[in-house]
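Written out below as structure tokens is the structure these notes cover.
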Amino acid sequence: MKPTTVRTFGPGRRRLGGVLVVASLGLIGLMTLMPVAPSITLPHACIVCGPLGGVDFAANVVLFTPLGFGLMWLTGRYGTTVAAAFAVTLAVESLQLLIPGRFASLGDLLANALGAVLGAWVACNGTGWLVATGSQALRLSLGLSALVAAWIVTSAVLLLPAPPSVLQQVQWAVLRVNHDSFPGRIRSVELNDRFLRPALGLHGTWVVDPSSGGTVLRSVIDGPIPATRRKAIIVRTSNFREEGLFFGQWGTAAIIRTHQVASFARLRPIMVKLDGAFGGAGRGDEGNSPVTIEGHSDRRRLTLSRDAGGDHLEVTVRRTPGLGWTVLLPWDVAIDNDWWLLNAAWLAILIVPVAYTSQRARKGPEPDQPAARAWWTPLGLIAASLLGAPLLTGTSHMAPTEWGGVVIGLAAAWALSYLTSHRVSLKAPRSATTAGV
């Protein structure tokens with residue numbers, strides 16, 4: 001029979017692989033087989049399905065990557081890993097046809113299989129990456145830095161506001177699935193100097209100005225306005241394909257999001273919140289005092305403010321490369337300035353693999369080898385992208401706290417490089433050629 005190359009892993013890794021497979025199957029079942037509220041019906045043959053199909057595709061890839069990793073360590077065989085992962089995803093998609101609110105599609109099948117293959121590839125090569133030195137580590141670092149730099153620039157573009165491509169229809173205080181009914185009374189709504197009325201048709205450029213990316217919303221609402229449990233729509237512009245503007249209430253917060261370039265890729269636009277805008281006793285919104293909410297969005301920032309009875313509240317979120325994580329969120333999350341820590345953590349995560357491999361490039365057999373002298377090149381590329389992306393796109397430059405995340409990533413990479421060089425003994429898995437395995 002034709003020889004087949006397999007990977008030989010030690011018993012410790014096989015046991016860890018088995019544990020990872022069991023944990024991954026549990027997580028996959030929890031995330032994909034629980035009933036959910038019904039949503040729109042789409043063709044089963046679609047690849048990127050629904051308004052947030054890009055997020056769903058990426059989430060499915062990530063969800064099945066640990067399964068492929070664990071199966072590879074458990075079996076040591078590419079073919080077995082791919083076949084088992086495909087069987088799992090086929091079973092999941094078949095069961096979703098019977099579960100209320102779940103939707104099975106060809107895109108899910110492809111994303112799940114891609115995630116499993118990616119996990120198996122990392123399981124085979126990850127150890128080699130950890131122990132690479134010299135020129136090998138430099139090549140790896142340059143490749144990783146190119147990917148990270150490309151993502152930083154791409155995410156800056158995705159964060160830009162952009163006009164919807166199709167005519168929008170105005171909706172006032174409509175009730176949708178998984179939303180509460182807005183408890184207040186809308187007195188007036190003004191969008192980019194135009195007064196809005198329900199069912200009014202709007203061109204996309206009236207929602208987001210294409211030259212400046214600007215949107216100015218002003219709404220006057222009669223109080224009192226009690227808190228809601230879920231999101232409630234105050235004003236929304238949308239069509240059968242995309243949403244141009246969402247302005248609403250979530251608990252006691254006012255929330256707003258506008259159409260972005262990310263929306264064309266079916267990724268998630270930023271949602272900004274202003275805590276305490278509604279339902280706050282003693283803030284001037286009791287009785288019949290009107291509450292005025294204003295939202296301002298442009299290429300550099302998104303600002304939301306509230307005025308009621310002489311009391312003013314305001315929050316501003318700057319569009320920086322550190323917000324790249326928001327477009328990939330599988331859940332709707334409203335952010336404000338208190339979320340800066342996630343920006344820093346996201347940048348640290350991006351910088352760690354690049355900084356780690358660049359540090360390993362200095363540890364070759366020859367201290368004066370070209371790789372050792374050029375170890376800083378990948379880090380220079382990342383720094384250039386972080387500084388250049390705002391200049392290229394017109395978004396905001398990163399805040400000092402976000403640069404702090406970069407520094408933390410560099411420190412974590414240095415510590416990891418030290419440990420793998422002096423404390424941890426890692427060996428790449430052996431390759432064995434067997435007949436008929």
Side-chain angles (χ1 to χ4, degrees), residues 161 163-164 167-209 212 214-239 243-259 269-298 301-317 332 334 336:
L167 188 72
Q168 300 274 294
Q169 187 178 58
V170 178
Q171 300 172 330
W172 277 27
V174 294
L175 181 60
R176 298 181 65 206
V177 176
N178 299 324
H179 286 62
D180 286 344
S181 176
F182 177 59
R185 188 175 75 86
I186 305 170
R187 180 181 295 187
S188 66
V189 180
E190 189 177 347
L191 178 64
N192 290 338
D193 298 324
R194 291 180 174 89
F195 283 97
L196 303 185
R197 292 290 181 266
L200 176 68
L202 293 177
H203 193 276
T205 56
W206 294 359
V207 180
V208 180
D209 185 276
S212 65
T215 297
V216 179
L217 173 77
R218 187 175 187 272
S219 178
V220 180
I221 303 166
D222 287 335
I225 307 166
T228 61
R229 185 173 61 90
R230 300 176 297 182
K231 294 189 296 294
I233 297 173
I234 300 176
V235 177
R236 181 174 182 260
T237 71
S238 66
N239 53 52
E243 177 186 80
L245 170 75
F246 181 101
F247 167 54
Q249 179 182 358
W250 197 346
T252 63
I255 54 177
I256 189 171
R257 66 181 173 223
T258 61
H259 196 269
I270 300 171
M271 177 182 284
V272 173
K273 68 174 179 178
L274 176 62
D275 282 322
F278 302 123
R283 290 188 179 276
D285 58 350
E286 299 301 321
N288 295 318
S289 300
V291 177
T292 301
I293 306 290
E294 292 193 14
H296 296 258
S297 173
D298 57 32
R301 62 185 62 85
L302 205 159
T303 300
L304 192 57
S305 63
R306 173 257 203 196
D307 287 282
D311 185 35
H312 179 81
L313 294 174
E314 183 173 303
V315 63
T316 298
V317 174
D332 217 359
D336 55 20

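Bear in mind that the values here come from a model prediction, so they are computed numbers and not experimental data.
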When you compare the side chain of Pro269 with that of His259, does any pair of heavy atoms fall below 4.5 Å?
no
To the closest 0.5 Å, what do you measure between NZ (Lys231) and CG (Asp332)?
4.0 Å
Where do Thr292 and Arg218 land on the side-chain contact (heavy atoms from CB on, under 4.5 Å) test, with the steps shown first?
CA-CA 7 Å; Thr292 301; Arg218 187 175 187 272; 3.9 Å; yes
Determine, step by step, whether His179 and Arg230 satisfy the side-chain contact (heavy atoms from CB on, under 4.5 Å) criterion, reporting the C-alpha distance in whole Å, the side-chain angles of both residues, the deciding distance to 0.1 Å, and the verdict.
CA-CA 6 Å; His179 286 62; Arg230 300 176 297 182; 5.8 Å; no
How long is the span from the CG atom in Asp307 to the NE2 atom in His312, to the nearest 0.5 Å?
5.5 Å
Rounded to the nearest 0.5 Å, how far does CD1 of Ile255 lie from CD1 of Ile233?
9.0 Å
Pro164 and Gly244 have their tightest heavy-atom pair at CG-CA, 3.6 Å
Ignoring hydrogens, what is the shortest heavy-atom contact between Phe246 and Ala232? Give both atom names and the distance.
CZ-O, 4.4 Å
Do Leu217 and Val189 have side chains that approach each other closer than 4.5 Å (heavy atoms only, starting at C-beta)?
yes
Report yes if some heavy atom in the side chain of Leu196 is under 4.5 Å from a heavy atom in the side chain of Leu202; otherwise report no.
yes
Is any side-chain heavy atom of Glu314 closer than 4.5 Å to one of Thr303?
yes
Scan for side-chain hydrogen bond (donor to acceptor under 3.5 Å, both in side chains) pairs involving residues 192-208, sequence neighbours excluded, and state none if there are none.
His203-Thr205
Is the closest side-chain heavy-atom distance between Gln249 and Ile225 below 4.5 Å?
yes
Considering non-hydrogen atoms only, spot the tightest contact between Gly201 and Leu167 and give its length.
C-CD1, 4.3 Å
Distance check, rounded to the nearest 0.5 Å: Thr252 atom OG1 versus Leu274 atom CG?
9.0 Å
Show the nearest heavy-atom pair for residues Thr228 and Ser181, with the distance to one decimal.
CG2-O, 4.5 Å
Qualifying residues under salt bridge (Lys or Arg N to Asp or Glu O under 4.0 Å), relative to Arg185, sequence neighbours excluded
Asp222
Identify the heavy atoms of Phe247 and Ala254 that sit nearest to each other, and give their distance.
CE1-CB, 4.4 Å
Tell me, do Glu243 and Arg257 make a side-chain contact under 4.5 Å, heavy atoms counted?
yes
Arg306 side chain reached by Val291 side chain, heavy atoms, under 4.5 Å:
yes
Would you indicate whether the side-chain heavy atoms of Gln168 and Val170 approach each other to under 4.5 Å?
no
Evaluation steps, side-chain contact (heavy atoms from CB on, under 4.5 Å), between Phe278 and Ile293
CA-CA 10 Å; Phe278 302 123; Ile293 306 290; 4.2 Å; yes
Taking atom CE of Met271 and atom CG of Leu304, what is their separation to the nearest 0.5 Å?
11.0 Å
Distance-minimising heavy-atom pair for Pro163 and Gly204
CB-O, 3.4 Å
Quickly, which of Asp298, Ile256, Thr258 forms a side chain to side chain contact (heavy atoms under 4.5 Å, CB included) with Thr215? Name it, please.
Thr258
Gap between atom CG of Leu302 and atom CD1 of Ile270 - 0.5 Å precision
7.0 Å
